[in-house]
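For reference, the structure is listed below as structure tokens.
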Amino acid sequence: MRFDVITLFPEMVKAASRYGVTGKAIDNGVVRLETWNPRDYTHDKHRTVDDRPYGGGPGMVMKYQPLFDAVSEAKENGFGDRAKVVYLSPQGRPITQSLLNESVHCEQLILVAGRYEGIDERFIETVCDEEWSLGDYVISGGELAALIVVDGVSRLLPGVLGDENSALQDSHMDGLLDYPHFTRPENIEGRVVPEVLLSGNHADIERWRLKQALGRTWQRRPELLKNKQLSDVEYELLQEFIVELV
Ligand SMILES: NC(=O)c1ccc(N[C@@H]2CC[C@@H](O)C2)nc1
């Protein structure tokens, strides 16, 4: 899988991608990451990538042509029109696990990271296939959103995470919050590890983890359970969790 980030700060993107699973995925060739700087596609003396907004108002807007030429180069250097062009902005589709899961099938994701007040709307309309958002908040540039997509998708690719921490959540866990994790020592100032996790009984451990995931989701993000059909077993486990609360 190939990611191309269109950004005025390529070093920021490259540096952040050198670590952890993303860095490993790039090193072993499972992921390819390229950056393209719109400033390299300007033709004026001052290498202008932005201009004042029509209609007035604060700040600057990124110009169409440098962005267009940077995306064109990324396509030419990659998979052409098979690439999907995504603009990162608060106006986009929420980036959820299911969006990341869908994206593992893309051959090439071209991620457009804007700066300033934004980019010319005609670029979004004519060049971008989709618009994605981290959530309902504004940050100073799209680069961190692009890096989240790179990380979140890369970790799903085969061979990126070893089996010991596979991203392939078993079907139960999809759409649920994670269960609690513990490691040595067993006792930290009197707070001990749940007995079941020391039992070596994998069926009991799996049952306990699913119960915790269901219970925590119910407690902290009940709306997530609306999209999830609970099986009889899951429903029973959730009841058990709730009863144990009181
Ligand atoms: N919620 C998000 O995913 C998000 C994405 C981008 C962003 N800021 C950039 C700077 C200018 C414009 O391109 C958008 N803020 C928030």
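What you are looking at is a predicted structure, and each value in this text was computed from that prediction instead of being measured. Whatever order the structure lists ligands and atoms in, that order sets their numbers, starting from 1.
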Taking the non-hydrogen atoms of Ser140, is any one of them nearer than 4.0 angstrom to ligand 1?
yes
Using salt bridge (Lys or Arg N to Asp or Glu O under 4.0 Å), reason through Arg221 and Glu223 one step at a time and then give a plain yes or no.
CA-CA 5 Å; Arg221 299 287 306 282; Glu223 74 280 9; 2.6 Å; yes
Under 4.0 Å from a heavy atom of Val138: give me the atoms of ligand 1 that qualify, with their elements.
15 (N), 16 (C)
Heavy atom of the protein closest to atom 2 (C) of ligand 1 (residue, atom name, distance)
Leu134 N, 3.5 Å
First locate atom NZ of Lys14, then atom CG of Leu33, and finally report the distance between them rounded to the nearest 0.5 Å.
8.5 Å
Among protein heavy atoms, which lies nearest atom 8 (N) of ligand 1, and at what distance?
Ile139 O, 2.8 Å
Give the ring-plane orientation class for Tyr179 versus His181, where under 30° counts as parallel, over 60° as perpendicular and anything between as tilted.
tilted
Side chains of Glu34 and Trp36: do they bring a donor and an acceptor to under 3.5 Å?
no
Element-labelled atoms of ligand 1 that are located less than 4.0 Å from some non-hydrogen atom of Ser133:
1 (N), 2 (C), 3 (O)
Judging by distance only, is a nitrogen or oxygen of Tyr87 under 3.5 angstrom from one on ligand 1?
yes
Does a side chain donor of either Arg2 or Asn77 reach within less than 3.5 Å of an acceptor in the other side chain?
yes
For the residue pair Phe123 and Tyr64, categorise the inter-ring angle as parallel (less than 30°), tilted (30 to 60°) or perpendicular (more than 60°).
perpendicular
Of the protein's non-hydrogen atoms, which lies at the shortest distance from atom 11 (C) of ligand 1, and what is that distance?
Tyr116 O, 3.4 Å
Is any N or O atom of Gly118, backbone or side chain, closer than 3.5 Å to an N or O atom of ligand 1?
no
Measure Arg115 to ligand 1 on non-hydrogen atoms and call it side chain, backbone, both or neither using the 4.0 Å cut-off.
backbone
Can you check whether Tyr137 has an N/O within less than 3.5 Å of an N/O in ligand 1?
yes
Give the residue, atom name and distance (to 0.1 Å) of the protein heavy atom nearest atom 6 (C) of ligand 1.
Leu88 O, 3.4 Å
Step through the shown structure and confirm whether more than 12 heavy atoms of other residues, nucleotides or ligands are within 6.0 Å of CG on Asp136.
no
Does NZ belonging to Lys75 count more than 12 external heavy atoms closer than 6.0 Å?
yes
If you measure every N or O of Ile119 against every N or O of ligand 1, does any of those distances drop under 3.5 Å?
no
